[in-house]
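Structure record follows, encoded as structure tokens.
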Amino acid sequence: MDFKWLEDFLVLAETHSFSRSAELRGVTQSAFSRRIRALEEWLGTDLLSRDSYPVTLTPEGVLFRETAEETVRMIHARRAEFRDHARARGGEISFLSLHSLTVTFLPGWLMRLKAATGQMTSRVKPENFDRCIEALSEGGYDFFLTFAHPLVNIPLDPAGYPHLVVGHDSLVAVARPGWPQEWLSDGMPMLQYSRGSFLNKMARIALAQPGAPRVYVAHTDESSMAEAMKSMAVAGHGVVWLPRRMVEAEIAAGRLEIVAPELPMEIRLYRNAARGRGITGRVWQAARDLGEGYAKTE
């Protein structure tokens with residue numbers, strides 16, 4: 001039995017929707033459905049009534065929900081305790097980060113952070129936005145590195161999860177140079193992120209800006225991996241909105257060109273205030289100092 005099946009089931013029990021639950025868990029709907037079915041087969045009973053929409057829990061599902069909630073809570077609490085002990089012994093700091101930031105921003109920033117704080121070990125988990133929010137709220141990580149924009153809600157209580165602005169980037173619409181002129185009249189084929197992803201929300205805001213091109217969806221990447229979308233754009237499949245840091249080299253080399261106004265974004269570091277041990281405080285202060293220095297050089 002896979003532990004993540006329990007978490008899958010609890011999300012589904014909350015949303016009553018396979019499609020929404022799959023989005024929140026960062027998997028395709030077919031993969032999510034297979035995992036729920038595998039859990040039912042392992043238990044030997046149906047947990048869901050699939051004859052109605054939205055889906056409902058069977059009597060067995062209602063009983064098992066209580067068991068699953070308690071099991072998940074206890075395991076996460078014990079894991080957090082173990083990790084706190086390990087961090088206290090070895091000075092480990094744990095980060096959650098959007099996938100694209102682990103490629104473009106985090107490596108250099110983390111080197112400067114370690115130089116400022118002294119000896120420490122680090123652990124980074126790249127994830128999609130919703131999973132990062134969930135994992136930070138569960139208490140297993142110290143920090144969360146994310147893009148931010150005033151029109152995108154970040155559902156974290158400022159009292160429990162304060163943030164610093166540690167950098168800036170922008171979302172740029174790029175396509176391979178020499179794209180067909182009929183794109184001007186017919187619309188540009190757009191490479192789209194999955195519906196619930198953070199970059200998809202940002203791209204929708206960018207599309208509403210004056211000067212944005214007329215587009216139609218030509219391809220959807222369910223994994224919402226920005227690196228994969230960049231490769232599709234370089235190959236000539238269409239236009240895609242990407243963090244500028246990720247495509248600066250391609251723009252400079254002439255492999256991609258900007259085709260729409262840029263959308264400014266902050267890079268924020270969120271902290272789980274409940275994990276306020278000594279080393280996290282030093283890292284937070286170093287991140288604050290680095291962020292202020294960054295702002296002065298902008």
Side-chain angles (χ1 to χ4, degrees), residues 26 76 79-149 154 156-171 198-199 225-227 230 242-249 252 264-298:
H76 279 303
R79 181 185 66 171
E81 179 184 334
F82 290 158
R83 287 182 173 178
D84 281 344
H85 291 167
R87 188 183 65 225
R89 292 194 302 268
E92 181 187 84
I93 292 294
S94 55
F95 295 89
L96 295 153
S97 175
L98 299 184
H99 288 279
S100 55
L101 284 170
T102 63
V103 176
T104 62
F105 179 80
L106 186 138
W109 175 78
L110 187 56
M111 284 294 292
R112 297 193 297 274
L113 197 65
K114 289 185 175 183
T117 58
Q119 182 61 35
M120 71 171 186
T121 59
S122 55
R123 175 168 53 92
V124 177
K125 183 175 178 60
E127 264 294 0
N128 65 46
F129 180 76
D130 288 332
R131 286 293 298 132
C132 284
I133 294 291
E134 181 180 345
L136 187 70
S137 302
E138 288 170 350
Y141 292 84
D142 299 305
F143 299 104
F144 169 36
L145 194 65
T146 182
F147 292 120
H149 186 276
I154 297 181
L156 291 170
D157 180 3
Y161 303 95
H163 77 269
L164 301 172
V165 177
V166 296
H168 294 85
D169 202 344
S170 61
L171 201 68
F198 187 84
L199 286 180
M225 297 292 287
E227 280 284 350
K230 180 176 76 171
L242 289 165
R244 186 182 181 101
R245 289 172 183 263
M246 181 171 285
V247 293
E248 282 181 336
M265 302 185 294
E266 291 180 343
I267 301 174
R268 291 184 184 178
L269 182 71
Y270 282 84
R271 175 185 182 181
N272 185 340
R275 295 168 66 91
R277 301 180 186 272
I279 190 170
T280 58
R282 295 199 303 274
V283 170
W284 186 248
Q285 185 58 49
R288 185 190 303 275
D289 295 341
L290 287 173
E292 291 173 353
Y294 182 92
K296 291 174 183 176
T297 62
E298 283 288 280

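The first residue of the sequence shown is numbered 1, and numbering continues consecutively from there. Side chains are part of it too, since the values below use all heavy atoms of this structure and drop only hydrogens, waters and symmetry mates.
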From the options Thr280, Leu136, Asn272, select the one residue that forms a side-chain contact (heavy atoms from CB on, under 4.5 Å) with Phe143.
Thr280

Going by side chain to side chain contact (heavy atoms under 4.5 Å, CB included), name the residues that satisfy it together with [X], two or more places apart in sequence or in a different chain.
{"X": "Ala116", "answer": "Ala286"}
{"X": "Glu227", "answer": "Val103, Lys230, Met246"}
{"X": "Gln285", "answer": "Arg288, Asp289"}

Check residues 124-132 and write down every donor-acceptor pair under 3.5 Å in which the side-chain atom is one partner and the other belongs to a residue at least two apart or another chain.
residue, atom, partner, partner atom, Å
Asn128, OD1, Asp130, N, 3.3
Asn128, OD1, Arg131, N, 2.9
Arg131, NH1, Glu134, OE1, 2.8
Arg131, NH1, Glu134, OE2, 3.1

What distance do [X] atom [atom1] and [Y] atom [atom2] have between them, rounded to the nearest 0.5 Å?
{"X": "Leu101", "Y": "Arg245", "atom1": "CG", "atom2": "CZ", "value": "8.5 Å"}
{"X": "Asp142", "Y": "Arg271", "atom1": "CG", "atom2": "CZ", "value": "8.5 Å"}
{"X": "Leu269", "Y": "Trp284", "atom1": "CG", "atom2": "CH2", "value": "5.5 Å"}
{"X": "Thr146", "Y": "Phe105", "atom1": "OG1", "atom2": "CZ", "value": "12.0 Å"}

Tell me, please, which residues at least two apart from Tyr270 pass ring pair (Phe, Tyr, Trp, His ring centres under 6.0 Å).
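Only His163 meet the ring pair (Phe, Tyr, Trp, His ring centres under 6.0 Å) criterion with Tyr270.
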
Quick one: list whatever passes ring pair (Phe, Tyr, Trp, His ring centres under 6.0 Å) with His99, sequence neighbours left out.
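Result, ring pair (Phe, Tyr, Trp, His ring centres under 6.0 Å) vs His99: none returned.
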
If we only count heavy atoms from C-beta on, is the [X] to [Y] side-chain gap below 4.5 Å?
{"X": "Tyr161", "Y": "Ile154", "value": "no"}
{"X": "Ile267", "Y": "Leu145", "value": "yes"}
{"X": "Leu113", "Y": "Phe95", "value": "yes"}

Closest non-hydrogen atom pair between [X] and [Y], with its separation:
{"X": "Gly140", "Y": "Arg123", "result": "O-NH2, 3.8 Å"}
{"X": "Ile93", "Y": "Met120", "result": "CG1-SD, 3.7 Å"}
{"X": "Leu199", "Y": "Ala226", "result": "CD1-CB, 4.1 Å"}
{"X": "Leu98", "Y": "Phe147", "result": "CD1-N, 3.7 Å"}

For Met265 and His168, run side-chain contact (heavy atoms from CB on, under 4.5 Å): C-alpha distance rounded to whole Å, both residues' side-chain angles, the deciding distance at 0.1 Å, then the answer.
CA-CA 6 Å; Met265 302 185 294; His168 294 85; over 6 Å; no

CA sep, side-chain torsions, deciding dist, call: Leu290, Val166, side-chain contact (heavy atoms from CB on, under 4.5 Å):
CA-CA 7 Å; Leu290 287 173; Val166 296; over 6 Å; no

Contacts of Ser170 meeting side chain to side chain donor-acceptor pair (under 3.5 Å) (sequence neighbours excluded), chain-then-number -> Glu262

